[in-house]
Amino acid sequence: MLIIVLKIIIPFLVIMQLLPLLIWLERKGAAYIQDRRGPNRAAILGVRLGGVVHSLADVVKLIFKEDIFPTNANKFIYTIAPFIAMAVACVTFAVIPWASPLEWKGSAFSLQAVDLNVGILYIFAIGSMGVYGIMLAGWGSNNKYSLLGGLRASAQMISYELTLSLSVVGVLIFAGSLELNTIVQNQGSNLLSWNVIRQPLGCLLFVVSAFAETNRLPFDLPEAEAELVAGYHVEYSSLKFALFFMAEYANMIVASALIATLFFGGWQVPFVSTETLRTYAQPIAYYSVLGLGLFSVAAGWFLVRRKHKVVYHDARDYETKVLGFPALLVGLALIAGQILYGPLPLGETGSQVAAAAFQFGAFLAKILFFCWVFIWVRWTLPRFRYDQLMKLGWRVMLPLALLNVVVTAGIYLWF
Amino acid sequence: MNGFLILFYFLAALAVISATGVISLRHPVHCALSLVVTLIALAGLYVTLQADFLGIVQVLTYAGAILVLFIFIIMLLNLQDDELKERGYGAAAKALLAAVSLGLFLSLGYLVTRPHFPISALPEDFGSIHSLGKALFTSYVIPFELAGILLTVALIGAVLLAKRRLELK
Amino acid sequence: MITLNHYLVLSAALFVMGFAGVVLRRNALVIFMSIELMLNAVNLSFVAFSRQFGNLDGQLASFFVIVLAAAEAAIGLAIIVLVFRRRATVQTTALNTLRDATNAS
């Protein structure tokens, strides 16, 4: 019982920790692409962490803002909409596997909250509930811009859901199962057997539809700030707005995790199978901790030596020292510990856990990479016009997805 | 087993309460939302009947697509307040309707609970996607294809109906 | 212990409520939703019988009912939109052009 609760809570906490980081990444990424500096002012005792502290300042601002109810809004629907949006984004995470199942006393212990045999369909079903959050927000605010945003969102999400589900069928044919863990295991650790190679068209269609489902640019017509002000959440403020804001990023994480799981090998470390990882867990752990120590020392040294171009004459002048010295010391301690004690004996369970930790790291790296792709695309491409969006969805992507299914099934039967 | 019974009563109560909402709430959007709750409760009941796949399909297509279409249309029509006032029935007609409904319910309930059906043992892969798919593509292949034709016809019909331009008087 | 009768009685209750909705309401959209409610009530008994007999036919039947409901919703809503465009109302009482002119309200 405790284990199940932990398995449900830990992924949730991981997303919650990733959210402010992603918001920071979005702002810094936008700044980088537009050739400016991005957030660099908010500070706690002079520590700015390159702008990460700004996310904290945002949270404080949103909590203390006034919670506005539009006069003629429907109170119940207006209140419940952001909660639906956020809950849907969080519940989806339950079936995504984080690492290969541990074998413990002869029974497999899967590292995902719930091991459903309809895994991927569960995600689509819950995802299709996500449109209600946006629609109800649009309708409940009693605002014409919100209403237009809600209308656009519902039409867009239904249209692209078809392509989203159809583009996965090829993957399901190869895996012969709907369970996400089986799909990951079926891809293997060899990069050439990942579904992105076996299903290039399916992968492209899935990524594009995932952009549309998460309402990110170039498909962010429901909020389109240039035309609809902010679309469905124009009336929202304070924590309700924060929920919508967080739901967008949580959806992004879920979409990235799905892209990684279905097409990029999930938790598989490229070219290193689970058996190899488990057999060589001890040296791998030894050298990676050593590498971490070296990296920490290098980063600390870089920070400590760094000269400021601007002198603020307050606590911010010492930020690099405050961050650099601990990093240097921790790095030195790690290296010294590893050299003095040598590789620790891990044992059967220990090596499994170490392998799972590596796979989790690989999965997290993939998720963050795809989140970066989302951000990258957002600040690079312009928005679609509405008729272009519908034309792309129904006349281009849907026929291509059907073609992909037929061709994949044909190839699978032939060989 | 007791837990299942509690779950059943919870879902059944949810379904009945939200169904009452569907037929009694004034604004169509509220009715549609009640119907969504009913559909999700029914999906839960399907899962208690070992029909997991059907439960998921229920949420995916019924709650996730058909009802979204309903709400989309309601939002598109943007009904005003005077449009929502229904010329309802009088108290006598309502009482009559309630009596007829109650009678219908009692007689239906009586009829369906009278025969005793023995419970059969379940096959190994009952309700799994493999067994459903096998049945769908072998013994039910003709209805399956007909359903596909029906959906195509509906799609074309909907496009034709919606595309026709009418000059408003 | 849940028996078949539990599900059948619930199904009957939902069906009767859908029936009452069809008779009681004048809004075409709500009538439509009541019909969906009746379809779902029938689906529930299909699935319950399927579980009782250990036979998948019932589940497949309700599968086809869902397909039917999707087609019906597409066409029906298109008709409602057309009616609304022509009459600017969705009240079924307003659709009385075929009525005898002397009795027209």
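Residue numbers start from 1 in every chain, and the chains themselves are labelled A, B, ... in the order their sequence lines are given, proteins ahead of strands.
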Original post:
What's the verdict on side-chain contact (heavy atoms from CB on, under 4.5 Å) for C/S62 and B/L54, showing C-alpha distance, side-chain angles and the deciding distance?
Top reply: CA-CA 8 Å; C/S62 56; B/L54 202 66; 3.0 Å; yes

Subject >> Heavy-atom side-chain contact between B/I23 and C/L24 under 4.5 Å >> reply: no

Subject >> Inter- and intrachain pairs under side-chain hydrogen bond (donor to acceptor under 3.5 Å, both in side chains), touching residues 39-48 of chain B, at least two apart >> reply: B/T48-C/Y7

Original post:
Distance from C/I66 atom CD1 to B/T61 atom OG1, nearest 0.5 Å?
Top reply: 4.5 Å

Subject >> Spacing of C/F32 atom CZ and B/L35 atom CG [to the nearest 0.5 Å] >> reply: 11.5 Å

Subject >> Within residues 11-22 of chain C or reaching into it, pairs that qualify as side-chain hydrogen bond (donor to acceptor under 3.5 Å, both in side chains) - sequence neighbours excluded >> reply: C/S11-C/S45

Subject >> Which atoms of B/S101 approach chain C - backbone, side chain, both or neither, heavy atom under 4.5 Å >> reply: both

Original post:
Can you tell me how far the CE atom of C/M33 sits from the OG1 atom of B/T38, to the nearest 0.5 Å?
Top reply: 11.0 Å

Original post:
So which part of B/Y9 gets closer than 4.5 Å to some heavy atom of chain C, the side chain, the backbone, both or neither?
Top reply: side chain

**OP:** Below 4.5 Å from any heavy atom of chain B, which atoms of C/E36 appear? Answer side chain, backbone, both or neither.
**Re:** both

Original post:
In terms of heavy-atom pairs under 4.5 Å with chain B, which of C/A13, C/G18, C/S34 leads?
Top reply: C/A13

Subject >> Smallest separation among heavy atoms of B/A19 and C/L37, with atom names >> reply: CB-CD2, 3.8 Å

Original post:
Regarding C/N40 and B/Q58, is there a side-chain donor-to-acceptor distance under 3.5 Å anywhere?
Top reply: yes

**OP:** Sort C/F64 into side chain, backbone, both or neither according to what part of it lies under 4.5 angstrom from a heavy atom of chain B.
**Re:** side chain

**OP:** Could you have a look at C/L77, C/V67, C/V9 and say which one has the most heavy-atom pairs with chain B under 4.5 angstrom?
**Re:** C/L77

Original post:
Checking heavy atoms, do the side chain of C/F19, its backbone, both or neither come under 4.5 Å from chain B?
Top reply: side chain

Original post:
Is there side-chain contact between B/V16 and C/M17, with heavy atoms separated by less than 4.5 Å?
Top reply: yes

**OP:** Using the side-chain contact (heavy atoms from CB on, under 4.5 Å) rule, take C/F15 and B/F105 through it: C-alpha gap first, then chi angles, then the decisive distance, then the call.
**Re:** CA-CA 8 Å; C/F15 187 85; B/F105 172 62; over 6 Å; no

**OP:** Indicate the atoms forming the closest heavy-atom contact of B/A51 with C/V47, along with that distance.
**Re:** CB-CG1, 3.8 Å

Original post:
Hey, are the side chains of C/I75 and B/V153 touching, using non-hydrogen atoms and a 4.5 Å cut-off?
Top reply: no

Original post:
Is chain C contacted by the side chain of B/I73, its backbone, both, or neither, given a heavy-atom distance below 4.5 Å?
Top reply: side chain

Original post:
Going by heavy atoms in the side chains, are B/Y62 and C/L39 under 4.5 Å from each other?
Top reply: yes

**OP:** Would you mind checking which part of C/L10 comes under 4.5 Å of any heavy atom in chain B, side chain (CB onward), backbone (N, CA, C, O), both or neither?
**Re:** side chain

**OP:** Just give me the residue among C/L68, C/V23, C/N43, C/L44 that pairs up with chain B most often, heavy atom to heavy atom, under 4.5 Å.
**Re:** C/L44

**OP:** Give, as side chain, backbone, both or neither, the part of C/L14 having an atom under 4.5 angstrom from any heavy atom of chain B.
**Re:** side chain

